[in-house]
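Computed over heavy atoms, backbone and side chain alike; hydrogens, waters and symmetry mates excluded. Lettering follows sequence order; numbering is per chain, from 1.
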Amino acid sequence: MIEIALAAAALLFFVGLTLILLRRSLVFWLLGAELLFNAALLVALAGGARWHAISGQVLALFIMALSGAALAPSLALLLRVRRELGTLNVDGLRLLREREEQDD
Amino acid sequence: MIFLGFFLLVVLAALLLGVLLLRDAMHGVIAVAAALGILAILFYLLGAPFLAAMEILLYLGAILVLFLFTLMLIGPEARAAAARQSWRSGWPLGALLLLAFALALAALIWQQQPITAAVHALGPVLLGRALFGPNLWWSEAVAVLLFVVIGAVLVLHAGEKEHD
């Protein structure tokens, strides 16, 4: 069972990384970040199950809280980006730098 | 048990492939929700029933609903524009990097001996004792962090109103 959990964690890690590296949409970026957090969570739980220790579950609970804490401002920022730039394209975020240079 | 585990792994892989290939963000979020449901079953099989419940309550009940609300707020035309171009412009370099990562991880896993350990359930009582005993100050720190996050979101939206 622990091997299967680790394989699932590797799967989640690669899909999360692929989403962040290759997809254009900011929404898929954040989904990828969530998948990465879940991969870390699964590894912590597998470690806890392997050594019959509760600290794995404590760590997993903290990771869960951190991922929620990271997501809420990110989604607020996403709405802000959509309103300011009119796009959710990751490449469109370069406009921020150009705008900054124009302001200077 | 092992058979069930493999079955879950196959379903998880299919759902994650769907997340990679689906173009509409709404469909992607639904696929991730199903994948997290599979993960909750996996948590239960790993002997963490409380965390399986938390996964459903927190991820499916709060985080993915937050995603769906955001998608509804950004409107269908932005989603359609995002779906028109789905991969980034420099994707061959990224794909190469991912391939290198995958090979490194495969080489790492290949050398390991199989992990043989019986999984015992560790219940919520133990978790509560650990959280409010030795890890009390960490729990408090996380509570403060979550409080600060509310403030951060409020500050972001307060700036938006001034801008208008």
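Contact of A:L6 with chain B is made through the side chain alone, with heavy-atom distances under 4.5 Å. For A:L35, the part lying under 4.5 angstrom from a heavy atom of chain B is the side chain only. Using a 4.5 Å cut-off between heavy atoms, A:A70 makes no contact with chain B at all. With a 4.5 angstrom heavy-atom cutoff, A:E3 touches chain B only via side-chain atoms. The part of B:L145 that comes within reach of chain A is its side chain, from C-beta onward, which places non-hydrogen atoms under 4.5 angstrom from that chain. In this structure, chain A has a heavy atom under 4.5 Å from the side chain of B:L105, while its backbone stays farther away. Contact annotation for B:L146: only side-chain heavy atoms (C-beta onward) come within less than 4.5 Å of a heavy atom of chain A. Using a 4.5 Å cut-off between heavy atoms, A:L59 does not touch chain B at all. Heavy atoms of B:L97 lying under 4.5 Å from chain A belong exclusively to its side chain. Proximity to chain A involves both the backbone and the side chain of B:L66, based on heavy atoms less than 4.5 angstrom apart. For B:L42, the part lying near chain A is the side chain, with the backbone staying farther off; criterion is any non-hydrogen pair under 4.5 Å. Residue B:V19 touches chain A through both its backbone and its side chain, counting heavy-atom pairs closer than 4.5 Å. For a residue to count as touching a neighbouring chain, one of its non-hydrogen atoms must lie under 4.5 Å from one of that chain's; by this rule A:L22 touches chain B with backbone and side chain alike. Contact annotation for B:V29: both backbone and side-chain heavy atoms come within less than 4.5 Å of a heavy atom of chain A.
With chain B as partner, the option from A:V27, A:V15, A:L31 having the largest number of non-hydrogen pairs under 4.5 angstrom is A:L31. Interface summary for chain B: among A:L66, A:L41, A:L78, the most heavy-atom pairs under 4.5 angstrom belong to A:L41. When each of A:E34, A:M64, A:R50 is scored by its heavy-atom pairs under 4.5 Å with chain B, the top score falls to A:M64. No other option in B:L12, B:L73, B:V32, B:L20 has as many heavy-atom pairs under 4.5 Å with chain A as B:L20. Counting heavy-atom pairs closer than 4.5 Å to chain B, the top-ranked of the candidates A:L17, A:I2, A:N38 is A:N38. Ranked by heavy-atom pairs under 4.5 Å with chain A, the first of B:A13, B:A152, B:A102 is B:A102. Ranked by heavy-atom pairs under 4.5 Å with chain A, the first of B:V142, B:V153, B:L127 is B:L127.
Cation-pi check for A:R24 over B:W87 is not met; the charged atom does not lie both under 6.0 angstrom from the ring centroid and within 45 degrees of its normal.
A:R82 is linked by a side chain to side chain donor-acceptor pair (under 3.5 Å) to B:E77, counting only residues two or more places apart in sequence or in another chain. Residues that satisfy the ring-ring contact (aromatic ring centres under 6.0 Å, His included) test with A:H52, not counting sequence neighbours, are B:H120.
Heavy-atom proximity under 4.5 angstrom to chain A picks out B:L36, B:L39 from residues 33-41 of chain B.
Legend: side-chain hydrogen bond (donor to acceptor under 3.5 Å, both in side chains) pairs involving residues 58-69 of chain B, not counting sequence neighbours, sorted by first then second residue: A:S67-B:Y59.
Atom CZ of residue A:F62 and atom CH2 of residue B:W138 lie 8.0 Å apart, to the nearest 0.5 angstrom.
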#### Entry: Derivation of the side-chain contact (heavy atoms from CB on, under 4.5 Å) call for A:I4 and B:L8
CA-CA 9 Å; A:I4 286 169; B:L8 289 179; 6.0 Å; no
